[in-house]
2 protein chains.
Amino acid sequence: MSDIKRVYLFEEGNAAMRDLLGGKGANLAEMTNIGLPVPAGFTITTVACNEYSAIGRLPDGLMDEVTEKLHVIESKMGKRLGDPDNPLLVSVRSGAKFSMPGMMDTVLNLGLNEKSLHSLIRQTNNERFAYDANRRFIMMFSNIVLGLERKMFDEIFDEHKAQLRVKQDTELPVSSLKQICSEFLALVLRETGHGFPGDPMEQLKLAIEAVFRSWNNPRAITYREKENIPHNLGTAVNVQSMVFGNMGEDSGTGVAFTRNMATGEKVMYGEYLMNAQGEDVVAGVRTPVPIARLKEQSPQIYKQFDTIATSLEKHYRDAMDIEFTIEKGRLFMLQCRVGKRTAAAAVKIAVDMVSEGLISKDEAIHRVRPKDLDQLLHPQFDPNAKLDIFAKGLAASPGAAVGKAAFDADTAKVRGETEPVILVRPETTPDDIHGMLAAKGVLTARGGMTSHAAVVARGFGIPCVAGCEVLDVNLESRTITVGDVVIRDGDWISIDGSTGNVIQGKAPLVEALITKEFETLLGWADQLRRIGVRANADNPKDAAKAFEFGAEGIGLCRTEHMFFEKDRLPIVRDMILAENEAERRSALNKLLSVQQSDFEGIFAVMQGRPVTIRLIDPPLHEFLPRFEELLQEVVELRLVSTMTQGNALKSILKEKEQLLAAVEGMREQNPMLGLRGCRLSIVFPEIVEMQVRAILQAACKLAKAGQEVHPEIMIPLVGHVNELKLLRDQLEKVAKQVLAESDVKCDYKFGTMIEIPRAALTSDQIAEYAEFFSFGTNDLTQTTFGFSRDDAEGKFLQKYVEMGILPANPFEVLDQVGVGKLMRICVDQARKVRPNIKLGICGEHGGEPSSVAFCHSIGLDYVSCSPFRVPIARLAAAQANVEVAGTKDV
Amino acid sequence: MSDIKRVYLFEEGNAAMRDLLGGKGANLAEMTNIGLPVPAGFTITTVACNEYSAIGRLPDGLMDEVTEKLHVIESKMGKRLGDPDNPLLVSVRSGAKFSMPGMMDTVLNLGLNEKSLHSLIRQTNNERFAYDANRRFIMMFSNIVLGLERKMFDEIFDEHKAQLRVKQDTELPVSSLKQICSEFLALVLRETGHGFPGDPMEQLKLAIEAVFRSWNNPRAITYREKENIPHNLGTAVNVQSMVFGNMGEDSGTGVAFTRNMATGEKVMYGEYLMNAQGEDVVAGVRTPVPIARLKEQSPQIYKQFDTIATSLEKHYRDAMDIEFTIEKGRLFMLQCRVGKRTAAAAVKIAVDMVSEGLISKDEAIHRVRPKDLDQLLHPQFDPNAKLDIFAKGLAASPGAAVGKAAFDADTAKVRGETEPVILVRPETTPDDIHGMLAAKGVLTARGGMTSHAAVVARGFGIPCVAGCEVLDVNLESRTITVGDVVIRDGDWISIDGSTGNVIQGKAPLVEALITKEFETLLGWADQLRRIGVRANADNPKDAAKAFEFGAEGIGLCRTEHMFFEKDRLPIVRDMILAENEAERRSALNKLLSVQQSDFEGIFAVMQGRPVTIRLIDPPLHEFLPRFEELLQEVVELRLVSTMTQGNALKSILKEKEQLLAAVEGMREQNPMLGLRGCRLSIVFPEIVEMQVRAILQAACKLAKAGQEVHPEIMIPLVGHVNELKLLRDQLEKVAKQVLAESDVKCDYKFGTMIEIPRAALTSDQIAEYAEFFSFGTNDLTQTTFGFSRDDAEGKFLQKYVEMGILPANPFEVLDQVGVGKLMRICVDQARKVRPNIKLGICGEHGGEPSSVAFCHSIGLDYVSCSPFRVPIARLAAAQANVEVAGTKDV
């Protein structure tokens, strides 16, 4: 015998003991202690489960303790387990700290055997009920505890129904149920070689062992890995006296929520079924009725239930999910827990509860999971609709979209003016931008999370599913084929950029809706957070969206995205392919005016909030046609021209060959690690000189018109302090010159992106020349891990996450251990040299809640993310800054 | 007047005062103090120079101090500067701490003007000598101090020679020299607007200023940047009374080395010229004679000089470079410094001086620059030969090679059996290996320092010039064309893999020669170093070379290089393209036996020293044909097959299309950051399982035969501890199984390469599963800087070094500030967790002296480098461990 207490009566526990008693056990104890009608029972602890897992059998003395507590229950109920005259029946349920569908769930009616069955018939005077209870017990126990396949039992049952040509289980006569029970027992004997255990204490022991064993079944392990639940928590076992909802029309069972968990409305919500066990509700054999009907059917019980529900909400200070049973007119509470809810409901309930005085604002902001806000910001498919999903790609840009398939950008552009269109491409290029902008959504068969389609779509807030490799996109026949499914030009198609699902037909949409409560909650979040929130926006339209969502500035404006627009790309190409400086300067002059007007637009929209503008970053070949396509064209042209001898062809060939040579000259083995960022600017300073001029001319123009402007000029990809020093010197000259020309005062800053490990490691040197740092954690993650996102996501990253090598995709959730360590080193060193340096993050992690919390913890000044994630970041930032004691796990 | 002493008489200084007096001044002082005949003089300090640079004029009081010291000299010499009757003439020479050819050098005969000229004539009774001295002075002063172009003076001089039709300067009559002097003075007046300064003190002041000014002239700055000399050292100015070697046949001037600086032989070596000034020797107007002749010509002076030379060697404890002048039979020492020498001489002199008792072994190992040893280990072109260099590429694999050009691998292989061959290719592929092995050297037009040609050549110790982009290699005509030069198939060609030079014809070679002294010196280095030295070797041949050069083990054996060999590549391709596991296993079985025999060979050669074997690292597509070439073939085949309808063609097309699809499926955007290293092994574990089996089967076989074996199995590219943990678990199983099968004891270790920043940052976690770490500083440099070597070296790295953004190419010289910081973090964290972890480096930095010193300083256990750099590393390691006081700068 050990001196650890392993079994707790419900009256011995409380809601805070989730670790030891599991969620279900802790809440049963809590309800018991606040005086609610809970059938008597006890809980075997998770510690006992872990002992079982360690030694492979029940710990010594456990069953003695179980027997002892059982006696308490027996005396309370006036019945005894296995008593031939007055038998106690119990349920055995697993209950871990976190709800886990992968585990053994429930065995009902345990304690039945030949003798107690007949007592039950005698006591209830209901032979049908008793045999029905018995056949359910044998099947559940055999399946869950003895491990026999449920299918074999179902076959016997269905055969009887077929013989009698009945459809409903309830139509089977008692004689059949009797016969079925016998056949079940024979089946068990045949399959296991042993008879069905008749001794109720034996049944109980086996059931407890089965629950413990189920903690380590493969489904449970997989589930825990997926949900990041530690494997060492163990599960508790709840043993509770049975109450029956199927003892006649004065009995019943149901589930209710204290508020509407879809909308958050303060209305009790749920359903019940008279003369039924929970199993029947789940199996959908009969249709349950709304809880409101109980008021008419049984006003007293309804009133009792309503009082209990209200007191539970007050007690738990949250909206609850309650299971109950009515046995012959008596109400019993079987379970309660904090109710799962939609994001919309979570927001409304949190805000309502503050005005009801139930919770504080601090608590309210912890009641909503930041990442769930995404649902509220984009159109979604109706959660109740059945969707015809035929493919799944990468969830590249969130939101749902519905439209008619168009297979090229021009078609999408034309049709998009009159009807919704989804642009479908093998992959997109800068030439497709006009079509993307005209489409409701974009679907590509190739490319990763940083492919052109994905990046551009996220930038413009267009839903996008990218890299959907099962799609066979045929541009000639203008069809998508996946197995039997064929989508033709103009067919309806739906995509979900939040999940990656691709759906045939026109799926029903629910539009995004920013409610009053949502704004209230975010307002509180703003009061409660320390860290600032900015947005990444590349054009005035995005900036406006960011402003609307509450961004306090632009943390990243990628100037080159402006280069990709259709009217500008030819100028950019002229600049790149210029054969002398005069040609290059002429192209740059054209770009100067378009860039300046873009910046004017952004500054105007942001109304004086700071705007961080990153100078050109990608390698120049990204603006040129793809090498492989050009090569193919040239090879074909060469062959054809040798055969046909046409002169026109020859001159086209020559032109293409020259272009091919130029593109080949710029090709790189590893473009991510090549001539880009500040390296490009050091080799070709003209481009960034033009950009700085455009930024400051725009700023001065607005400043002259009386508007406040705060441009922050960001030099990307610095790895060595000398890169920054050199460029800053050059560009300060341009800036000063523009200011001198404009004769107006205008504040500006120079800083750099920290996206190269060496920059983080030598931040003390770099901080001397930078007024701000912004962590470019996309590239910093790539270089710190030494893998590129495009290559990793397709080839091994998913596998790494599935195998548990990585806890999450580090491009989505910041790797605090590795990349985070580098960030800490960087921050600490930089602040020593320049205490007031402004520090931010503009990688995609800036909108991911756990990463926002990390940025808060290392003392960054702000996070910056895509406009649609600004609300998420605001909430996450507040949660990071406000600790709430006893925040409940949902 | 300041209280800083700015002017030192020679008798006031000594050799240790190089910082203050410059190298020349310090040595003049030293010689003066040990009683050698040095013409009286003084030195103005480098501090004064820095004052000048700061304020832009001579510091107040400096000229007073100069005047004061000048008086001391005047009274010593019994002459006065500017004295019309008995004038003192002086030389003014710059002299920085380090010799700097970019600066102003010397003004001779300062003090001459109309009056002193006539005194000189009177005193010497040699009008010709005096006018000659005068015209030299005017020209030097005008050029160096007044900044006039020397060309203008030469034109006047040459015109006179042309008029008189004389060839030698000495043939000009006095009258011409007089006339020339007048014309020179007129030229100065015309060009500067002022007359030539006649006041000797004015001349002196201007000359001193000119020396100070020259410290910051562009040539000097460039030179300092190139040689990494700090800009704040400043230069000293030496003012010394003139002695004349051109006063007749009893006068002369010369330079001598106390030992032979080419071979190190202990024989005085040098040359002199009677009746001449130093300038004449330099100008090559007359041919000097060997110093040995002085013994006959002037036995007494020779004896005096020989005694001085010997005492200087003893005094300086090093072989010296001495300048002297004989004035009318009197010997004067004008300069002495430690003599520059070849690597061979440095080694011999150091070893000889130890046996002569002049220096200690500690000092001896500091007397040779490790990187110079390279000269001794590879064949070199005869340094005296005139080479017809027509192109320059990357110095990709050191050593010189001469052979007949062959334009494909098969030809090279066949011809290479009977005659020396240079393999010339646009670039090489794995298909070319047999040709490379048969060639004396490899020359490619494309590809960087990590191109296939470069890596393989270095691996096998074959000289290679890669990426020589000016070459137009035409495989059809089998020619190389560069401008007018055409090299045809079979023509002689020479390449220098240490410099990148490509030479037309058969350049004369000097074979490498490992002398007794060389071995002695390295033996001392081994006694004196703490850090171990291993070699990178991929096959038994390389391992044997490494063993011969004293490697204490193999630090990196790259298993995939074995895959590239011609007989193996098809098997590797079968393995990669296998459509099912059975096919893959069958290919792997074939590889198992070849790998095993490679390992057996290496273990046997290494005689029980540890061998670190890296499991497969590169992405699989490196073993497949190039995508672009395949694409081209397929496009052509498609076009032709649609036109011809041939069935044979169709089936070839189909096969090629399948191969293309397979290759395309494996293409990566950034192969360096893709599916390689341990990532590959996690996705395809069969390959590494085979490799571990091969390693341990080989080890067990040798162990059974009684040989000691210590395999160290290295898992590459780990970024997260879980990668290592998972693979180690899997591979330990294989290892244990092989040991169980073999029934023999064999020691082995598992470890990892640290080449990803995240691995270094989380080394405490990783060290738990690794018995050793080896820094892969090639990849670590790439990821820490965020640039790939292939892309950077072609596009911007050279420019970065030229512009001073980076102090050196970080792939050659370890970046101690950034990459080094990561290494320190890694070492500190890892040793906390596993104090006895074995730490090494196997990047190319392992053979670079400053990087070896760094590795020593952070406490690594060994460095590993290519076999030919092992001696360099041994010496560098000893230097790092042994501090020698007063080690002289050469």
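Letters A, B, ... mirror the listed sequences (proteins, then strands); counts begin at 1. All figures in this text were calculated on a predicted structure; none of them were measured in a lab.
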Side chain, backbone, both or neither: which part of B/Ile756 has an atom under 4.5 Å from a heavy atom of chain A?
both
Whatever's closer than 4.5 Å to a heavy atom in chain A on B/Ile825 counts as side chain
Given heavy-atom pairs under 4.5 angstrom as the criterion, report whether the side chain, backbone, both or neither of B/Lys795 touches chain A.
both
Taking every non-hydrogen pair under 4.5 Å, which of B/Val819, B/Val683, B/Ile682 racks up the most with chain A?
B/Ile682
Go through the atoms of B/Leu726 and report whether side chain, backbone, both or neither lie under 4.5 Å from a heavy atom of chain A.
side chain
Could you check whether B/Arg626 pairs with B/Glu633 (Lys NZ or Arg NE/NH1/NH2 to Asp/Glu carboxylate O, under 4.0 Å)?
no
Do B/Asn670 and A/Gln782 meet the criterion of a side-chain donor-acceptor pair at a distance under 3.5 Å?
no
Most contact-rich option vs chain B, by heavy-atom pairs under 4.5 angstrom, among A/Thr783, A/Thr784, A/Thr762, is A/Thr784
Salt bridge flag under 4.0 Å for residues A/Lys725 and A/Glu768:
no
Interatomic spacing from CG in A/Leu761 to CZ in B/Arg824 - rounded to 0.5 Å
12.5 Å
Between B/Glu755 and chain A, which part of the residue has a heavy atom less than 4.5 Å away: side chain, backbone, both or neither?
neither
Tell me yes or no: between the side chains of A/Thr444 and A/Glu427, is some donor less than 3.5 Å from an acceptor?
no
Distance col, row B/Phe775:CZ vs B/Met753:CE, nearest 0.5 angstrom, shows 11.5 Å
Kindly say whether B/Leu649 contributes a backbone atom to a donor-acceptor pair with the side chain of B/Ser641 at under 3.5 angstrom?
no
Side chain A/Arg446, main chain A/Glu469, donor-acceptor under 3.5 Å:
no
Note: vs chain A, highest number of non-hydrogen pairs under 4.5 angstrom among B/Gly786, B/Gly719, B/Ala759, B/Gly818 is B/Gly786
Does A/Arg667 pair with B/Glu628 as a salt bridge, N-O distance under 4.0 Å?
yes
So what's closer than 4.5 Å to chain A heavy atoms on B/Ile805: side chain, backbone, both or neither?
both
Among A/Val721, A/Val635, A/Leu806, A/Leu717, which has the most heavy-atom pairs under 4.5 Å with chain B?
A/Val635
Is B/Asp779 in contact with chain A via its backbone, its side chain, both, or neither, using a 4.5 Å heavy-atom distance?
neither
Among A/Leu680, A/Leu822, A/Asp815, which residue forms the greatest number of heavy-atom pairs with chain B at distances under 4.5 Å?
A/Asp815
Picking from A/Leu631, A/Leu673, A/Val634, A/Val817, which has the most non-hydrogen pairs under 4.5 angstrom with chain B?
A/Leu673
